[in-house]
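One structure is given below, encoded as structure tokens.
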2 protein chains.
Amino acid sequence: MKARDKLLNAAGQLFYEQGITATGIDTIITKASVAKMSLYNNFSSKSELVAAYIEERHQEWLQLFELRLKKAESSKAKVLAIFDAYQDHAESHYERGFRGCGLLNAAAEMPVDAPERKSVRLHKQEVQTLLEKHCQEYLTEHNSNFDLNSLVTHLSFLLEGSIMLAGLEASSDKVVQARQLADSLLEGAIK
Amino acid sequence: MKARDKLLNAAGQLFYEQGITATGIDTIITKASVAKMSLYNNFSSKSELVAAYIEERHQEWLQLFELRLKKAESSKAKVLAIFDAYQDHAESHYERGFRGCGLLNAAAEMPVDAPERKSVRLHKQEVQTLLEKHCQEYLTEHNSNFDLNSLVTHLSFLLEGSIMLAGLEASSDKVVQARQLADSLLEGAIK
DNA sequence: TTTTAGATAGACTGACCTGTATAGTTTCTA
DNA sequence: TAGAAACTATACAGGTCAGTCTATCTAAAA
């Protein structure tokens, strides 16, 4: 395996488990079994490694979502596939200590003006856009005039609130509950 | 003002704005205009200062809530007072950079087994207990057999999801929207 | 076979980290 | 007014931080 990938793997695990600021360069390269210069040949600084980490987490989630989306047959199932992907994410990290959404956690430990917060914001906006798209389809399919914006906002609160509380409790239960609530919310929107 | 209070003020601001791990002892004592020994005479370690910070944030919120609760006349208004307190919190920090819930942020930057995470969990449970109490009253008052647990869970997702996204966007808008959604949710629960 | 790119180990810098030790000063209070 | 308690400034220890430098090695490409 290339040094860059080893680094991303090690950093991915450590950043997620210990937090970014609390994780030092030396810990990362030791876990990756890589020389320090290999880090600085692939990334110009720790910040750049952090940026790569954030991007990777997001792509990882998008892949989980794509998998779930393929299996979704109804338009409601497509909306709920977003919740499924959150659940998959939660459960994939359960054994080594689930700690919530890596992106929200990263943003939470950065100062207000940190560039990392901006990219997390963009990623969450992308999730919101996905929600909007599939909710739109769902509503038009059922000829509902339910307010799209408030539905999307509502679902995004269920999503992020549940993953946050799930992380705090180190369990995916809350995400499962959020999915159920989202389900009945969607049902209510076409009645 | 006593050194202990000066320290709690300075640490409170710095921890909230910059994150806990990223804030050093020296930065805190400089901002507090206090000698280093004053810190270690009042707190045995940085961790103890962090614990005090977390406790203080929680008490601060409880006070905001008490104020709102007093003004609430209906049982629905009492439930919504919890959302109002979140909004007050968001807006009180707006000028110097709102960054979400200090407790959730603190938990987010700590390793899975950190004691800080446990106390944050306890505080969030207290909020949930308040939600439960006032929802209970609301439902019985209106002779509703709406499921209490799912209502409370739902509201807690709206609460924590909105404060998290609000922090990411440095605006209290999301919390206001969450309150509106909570309002109609409560209305729906007694129909 | 020679060149080149990627990797290695490890020493090093200078700044910053938490926490301690010492000694002098202010402030409250009995 | 005398003593105790709280506070100050400063220096220091021992560690860790991000990042640089050098020198060596290996493997694939030219």
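Each chain gets a letter, A, B and so on, in the order its sequence line appears, and its residues count up from 1.
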Next item on the list: Take the angle between the ring planes of A/H58 and A/H123 and call it parallel below 30°, perpendicular above 60°, tilted in between.
Entry: parallel
When rounded to whole Å, the CG to C1' distance for the pair A/L39 and C/dG6 reads 14 Å
inquiry  = Applying a 4.0 Å non-hydrogen cut-off, can you work out what B/S47 is touching in the nucleic acid: base, sugar-phosphate, or nothing?
reply    = nothing
Whole-Å distance, B/I20 CD1 to C/dC17 P, equals 15 Å
The reported gap from OH in B/Y86 to CG in B/L158 (rounded to nearest 0.5 angstrom) is 11.5 Å
Between CG of B/L14 and P of C/dT18 the distance, given in whole Å, is 12 Å
note: B/M1, atom CE; C/dT27, atom C1'; distance rounded to Å ~ 17 Å
Rounded to the nearest 0.5 Å, the NZ atom of B/K36 sits from the OG1 atom of B/T30 at a distance of 9.0 Å
Task: Evaluation steps, side chain to side chain donor-acceptor pair (under 3.5 Å), between B/Q59 and B/E55 - done: CA-CA 6 Å; B/Q59 293 304 324; B/E55 190 56 40; 2.9 Å; yes
* Does a side chain donor of either A/Q87 or A/S172 reach within less than 3.5 Å of an acceptor in the other side chain? -> no
When rounded to whole Å, the OH to P distance for the pair A/Y40 and C/dA7 reads 16 Å
**Prompt:** With a 4.0 Å cut-off on heavy atoms, is A/A35 in touch with a base, just the backbone sugar-phosphate, or nothing at all?
**Reply:** base
**Item:** Heavy atoms of other groups near B/E187 CD, more than 12 under 6.0 Å
**Value:** yes
| request: Would you check, one step at a time, whether the test side chain to side chain donor-acceptor pair (under 3.5 Å) holds for B/E109 with B/T21? | output: CA-CA 8 Å; B/E109 65 170 297; B/T21 320; 2.6 Å; yes
Nt span of DNA chain D in reach of chain B heavy atoms at under 4.0 Å, 5' end first, is D/dC7 to D/dA9
B/D26 atom CG is separated from C/dG19 atom P, nearest whole Å, by 12 Å
Exercise. Checking all strands, does A/S33 fall into the base, sugar-phosphate, or nothing category for heavy-atom contacts under 4.0 angstrom?
Worked result: sugar-phosphate
Contact class for B/T21 (heavy atom, under 4.0 Å): base, sugar-phosphate, or nothing?
nothing
Whole-Å distance, B/M37 CE to C/dT25 P, equals 18 Å
Whole-Å distance, B/F43 CZ to C/dT18 C1', equals 16 Å
